[in-house]
Amino acid sequence: EEDCYHGKLTGHFDEATRQAVQRFQIIHNLQPDGTVGPATRDWLNVSFQAKAELVAQAVRLHRQSETRRFEKFIWVNIPQFTLEYRKEGKVKAVHRVIVGKAGGKKIRVQGRWVGENQTPTLASSIQQVVFNPRWTIPERIRMELNGAIEADPTYLSRNGYIERLSSRYRTGEPLLVQMPGPRNPLGRVRFDFPNAYAVYMHDTPNRGLFNRSRRDFSHGCIRVDKAHQLARELLEDDQNPAASKTDAFLGTYRETFLRLNEPVPIVIEYLPVVV
């Protein structure tokens, strides 16, 4: 199966077979535990014809990709759970990412049906980097917090939320904003790029999830492993003097906005097969 096993067929699940299963799991973004669980069995049962069609689809998408227009850009491939920073034909940096949940109901955005919590495919440009960002809570996530707020009257204050009485959700409740701090789910860095879906890339305080093979846990935004390193790389390539001050920014919880002199294109795609 896919050139993962090279030994003789013995009929026994030995160490060589386990290692072959692990190689197969790595190829298919599965947890490489060497055991044939339901997800691994499902992929083993996918025909070579179906996989050939996935390859053909990926080639077509690659030929149409917006990335072919740029010399420098950020590329996120949703099913690969990976971000690449490419410059002048070379991959300058690779970061693991967490993307939106695969399931959920569909909503219509600018005439297009997308999953409510899925990461959308799009092309835009990163215009600024924000250290220690505050988080304006979307209405649908505010509704998810209702249970926790009702169960614990101190929930908002303990987690650094403040209410903006001058702005309200459609429900009439005051707009919630979470201030910078160790509990802020945006972490220490956010990357802003205009888009119709109100998503962006950001750090996260919950870094343990980056160790998972399948990483679709977010509400649609893209969480970036080692986000502060990516921020420094973008600022250095932008010849921004703030690049040398990133450690100082991370030494406080003061919100700092840094606009890029030259916005960096970002392309988020869904390629089912990559090399």
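Numbers for residues simply follow the sequence, beginning at 1.
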If hydrophobic clusters are built by linking Ile, Leu, Val, Met, Phe, Trp and Tyr wherever their side-chain heavy atoms come under 4.5 Å apart, do [X] and [Y] end up in the same one?
| X | Y | answer |
| --- | --- | --- |
| L44 | V55 | yes |
| L122 | L83 | yes |
| Y200 | F217 | no |
| V264 | F193 | yes |
| I266 | L186 | yes |

Ignoring hydrogens and geometry beyond distance, is a side-chain donor-acceptor pair present between [X] and [Y] at under 3.5 Å?
| X | Y | value |
| --- | --- | --- |
| E233 | Q229 | no |
| Q128 | D192 | yes |
| Q19 | E15 | yes |
| Q49 | S47 | no |

Reported [atom1]-to-[atom2] distance for the pair [X] and [Y], which is rounded to 0.5 angstrom:
| X | Y | atom1 | atom2 | answer |
| --- | --- | --- | --- | --- |
| Q118 | S218 | CD | OG | 10.5 Å |
| F257 | N132 | CZ | CG | 10.5 Å |
| D225 | R96 | CG | CZ | 7.0 Å |
| T121 | E269 | OG1 | CD | 8.0 Å |
| H62 | R68 | NE2 | CZ | 5.0 Å |
| Q22 | T40 | CD | OG1 | 10.5 Å |

Counting distance only, does the side-chain N/O of [X] pair as donor-acceptor with the main-chain N or O of [Y] below 3.5 Å?
| X | Y | value |
| --- | --- | --- |
| Q25 | T35 | yes |
| R215 | F81 | yes |
| D203 | A227 | no |
| Q31 | S213 | yes |

Mind checking whether [X] and [Y] have side chains closer than 4.5 Å, heavy atoms only?
| X | Y | result |
| --- | --- | --- |
| R183 | Q178 | yes |
| Y161 | Y155 | yes |
| V130 | E255 | yes |
| L145 | L176 | yes |
| L230 | I74 | yes |
| R23 | I26 | no |
| H202 | P133 | no |
| M201 | I126 | yes |

What closest approach, in Å, do [X] and [Y] show between heavy atoms, and which atom pair accounts for it?
| X | Y | answer |
| --- | --- | --- |
| A20 | C4 | CB-O, 3.4 Å |
| P138 | Y169 | C-CE2, 4.1 Å |
| P265 | S125 | CA-OG, 3.8 Å |
| C221 | V199 | SG-CA, 3.7 Å |

message: For F70 and F73, take the angle between the two ring planes, folded into 0 to 90°, and tell me which bin it lands in: parallel under 30, tilted 30 to 60, perpendicular over 60.
response: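 It falls in the tilted class, 30° to 60°.
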
- prompt: Only one of R86, R232, K72, K87 clears salt bridge (charged side-chain N to carboxylate O under 4.0 Å, His left out) with D237; which?
  reply: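 So, applying the salt bridge (charged side-chain N to carboxylate O under 4.0 Å, His left out) to D237 and each of R86, R232, K72, K87, only K87 qualifies.
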
message: Consider ring-ring contact (aromatic ring centres under 6.0 Å, His included). Of F249, F191, Y253, which one does F131 pass it with?
response: F249

- prompt: Charged N to carboxylate O under 4.0 angstrom, E139 versus R170?
  reply: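 Yes, E139 and R170 are salt-bridged.
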
